[in-house]
Amino acid sequence: MTNQLDKKSQAWSALFSEPMSELVKRYTSSVFFDKRLWQADIAGSLAHADMLAAQAIISAQDLADIQRGMAQITAEIESGAFEWKLDLEDVHLNIEARLTQIVGMAGKRLHTGRSRNDQVATDVRLWLRSEIDLITELLVGLQKALIAAAAEHTETILPGFTHLQVAQPVSFAHHLLAYVEMFARDAERMMDVRRRTNRLPLGSAALAGTGYPLDRERVARALGMVDTHGAAQVCHNSLDAVSDRDFAMEFAAAASICMVHISRLSEELIIWMSQNFGFIQLADRFTTGSSIMPQKKNPDVPELARGKTGRVVGHLMGLITLMKGQPLAYNKDNQEDKEPLFDTVDTLKDTLRIFAEMMGGITVNAPAMEAAARRGYATATDLADYLVKKGLAFRDAHEVVAHAVKTAQSLGVDLSELPLATLQTFNPAVEADVFEVLSLKGSLAARNTQGGTAPVRVRAEIARHLARLG
Ligand code: ARG
């Protein structure tokens with residue numbers, strides 16, 4: 001028996017009078033990147049075949065042959081023996097052709113009631129679903145690394161900034177937990193994307209559905225495309241099912257937002273590491289030297305992560321632009337969804353993995369952080385709040401403190417270093433207890449609203465996160 005799929009010129013039908021040009025073959029082929037979908041492709045085919053047999057569309061023997069053939073193909077791909085052929089265009093045709101080579105007629109029956117259009121949409125969803133699960137785990141790992149670092153620094157004080165100008169003292173733990181919030185939202189977003197990714201296009205065939213008595217819900221259940229109550233999740237409109245790539249765009253958007261968080265953290269690490277700050281050091285294994293300047297230790301990892309954020313955001317733009325002009329239903333344009341999606345997944349996973357490890361190994365220079373907080377009049381707001389407690393209106397207190405800061409600046413000292421008599425010249429309400437609020441520690445402890453930087457609050461947040469993450 002000759003295998004039609006072995007010869008690309010005959011893959012479609014006898015309709016074509018000349019073979020495809022070599023250039024077009026290379027231009028249209030996707031196998032060298034979409035072979036990555038092979039496990040999803042085989043899983044989808046097995047679920048489809050099982051359903052075809054259950055519905056008596058193919059025989060039990062056909063199903064057994066298909067299962068045997070797919071087991072062999074799996075082994076071949078895993079061992080590297082499988083020969084991927086450019087001539088067979090994509091992962092789907094490569095696997096189907098090999099199946100027919102191994103099991104004969106049953107292989108030719110597999111594609112009954114199916115098109116590559118619903119097949120590829122199913123494969124990408126299955127593949128992305130498992131990647132989302134891995135990413136969610138990596139996000140948990142990163143959060144835990146940040147929380148572990150935070151637990152050691154609830155009393156370590158650094159200046160909190162607005163406009164990158166010293167604003168108010170915060171604890172390093174509080175600062176790290178801000179990123180935990182971001183990564184927790186990223187994980188939520190991933191789970192939300194997963195819900196809409198986990199729906200079955202298969203059974204939509206090319207675009208309009210099919211006349212075979214398919215049981216789509218059976219296939220959905222076999223592939224784990226179910227909601228939290230175990231109900232099968234199938235795409236409800238065949239035109240939409242084969243052409244919808246919302247899940248890819250949504251994923252790229254969620255990945256982009258996550259990378260933006262990584263990028264912001266990177267920027268801070270880079271600043272904190274610079275000689276002018278000297279707040280932290282990254283473990284040597286995360287830094288690189290210079291080929292000319294012997295004293296250098298460069299934060300290449302955060303810099304690259306900041307750079308790779310642009311790449312992932314670019315993929316989001318690429319995917320959105322890919323979809324914007326497409327009429328229903330499937331168009332070959334959609335083949336272009338894969339490389340940006342694959343690269344987004346790879347970049348995000350590598351970045352999350354390396355950040356979890358890197359954040360676990362930072363050294364904190366607490367005295368440098370504290371000295372920086374002292375330099376910037378970080379407790380000025382505390383003095384204003386103190387005067388409010390003594391009866392001044394906040395706006396008036398604000399003005400009084402501005403004068404005090406101006407004087408302290410001209411003397412080159414901190415507010416807490418001004419003598420009581422001098423402080424009293426700005427407002428007679430100032431008493432000896434003022435020095436408590438002017439201390440960084442006092443300032444920190446005072447910010448004890450829910451979500452504030454007071455150590456008691458931050459410790460409670462750490463406990464909440466740990467309970468949440470299990
Ligand atoms: N390789 C194709 C893709 O990635 C599979 C679907 C092809 N369908 C078609 N009608 N040409 O989108």
Side-chain angles (χ1 to χ4, degrees), residues 4-13 15-16 19-21 23-45 47-48 73 77 82 84-100 110-129 131 197 199-210 235 237-249 251-252 315 318-346:
Q4 300 262 311
L5 289 179
D6 262 355
K7 296 203 199 71
K8 181 59 185 287
S9 58
Q10 296 167 8
W12 323 120
S13 70
L15 193 65
F16 294 77
M20 188 185 271
S21 99
L23 197 59
V24 172
K25 227 184 257 177
R26 255 189 292 128
Y27 194 69
T28 57
S29 147
S30 56
V31 64
F32 288 109
F33 53 85
D34 70 14
K35 65 182 176 189
R36 184 169 171 155
L37 298 172
W38 70 270
Q39 273 168 313
D41 195 68
I42 289 176
S45 288
H48 181 65
I73 292 173
I77 296 175
F82 191 91
W84 297 100
K85 294 186 183 135
L86 179 88
D87 272 8
L88 290 172
E89 192 175 310
D90 58 23
V91 60
H92 323 293
L93 295 179
N94 267 272
I95 289 178
E96 193 187 324
R98 180 70 185 129
L99 180 70
T100 301
L110 172 62
H111 212 52
T112 312
R114 184 177 79 168
S115 150
R116 275 188 300 154
N117 299 350
D118 56 347
Q119 188 180 356
V120 69
T122 302
D123 289 4
V124 178
R125 284 172 184 260
L126 286 174
W127 172 83
L128 186 59
R129 182 184 70 184
E131 294 297 335
T197 301
R199 289 177 191 162
L200 182 76
L202 217 53
S204 304
L207 76 163
T210 168
C235 301
N237 180 294
S238 58
L239 291 167
D240 179 50
V242 293
S243 61
D244 170 32
R245 295 292 182 276
D246 286 5
F247 63 92
M249 292 187 278
F251 172 77
H315 292 324
L319 286 167
I320 286 176
T321 312
L322 173 68
M323 297 310 294
K324 76 171 273 295
Q326 288 195 51
L328 292 179
Y330 178 86
N331 301 282
K332 186 75 169 181
D333 310 42
N334 288 334
Q335 184 163 290
E336 286 289 307
D337 63 358
K338 287 168 201 64
E339 286 159 295
L341 205 52
F342 293 167
D343 190 65
T344 298
V345 164
D346 292 342

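Just follow the structure's listing: the first ligand is 1, and inside any ligand the first atom is 1.
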Legend entry - Donor-acceptor contact below 3.5 Å, side chain Q335 vs main chain T28: yes
Which protein N or O atoms sit under 3.5 Å from any N or O of ligand 1? Give atom names and distances.
residue, atom, partner, partner atom, Å
ligand 1, 1 (N), S30, OG, 3.4
ligand 1, 1 (N), D90, OD2, 3.0
ligand 1, 1 (N), Q335, OE1, 2.8
ligand 1, 4 (O), K338, NZ, 2.6
ligand 1, 8 (N), N117, OD1, 2.9
ligand 1, 10 (N), N117, OD1, 3.0
ligand 1, 12 (O), Y330, OH, 2.4

Legend entry - Check: H48 side chain, T112 main-chain N or O, donor-acceptor pair, under 3.5 Å: yes
Inset, instruction - Run through V124, V120, L126 and flag the one making a side chain to side chain contact (heavy atoms under 4.5 Å, CB included) with T122. - result: L126
Inset, instruction - Report the residue from F82, W84, W127 that forms a side chain to side chain contact (heavy atoms under 4.5 Å, CB included) with W38. - result: W84
Inset, instruction - List in chain and number order the residues that pass side-chain contact (heavy atoms from CB on, under 4.5 Å) with D333, two or more places apart in sequence or in another chain; answer none if no residue qualifies. - result: L322, Q326, N331
Legend entry - Residues, nucleotides or ligands: over 12 heavy atoms within 6.0 Å of K324 NZ: no
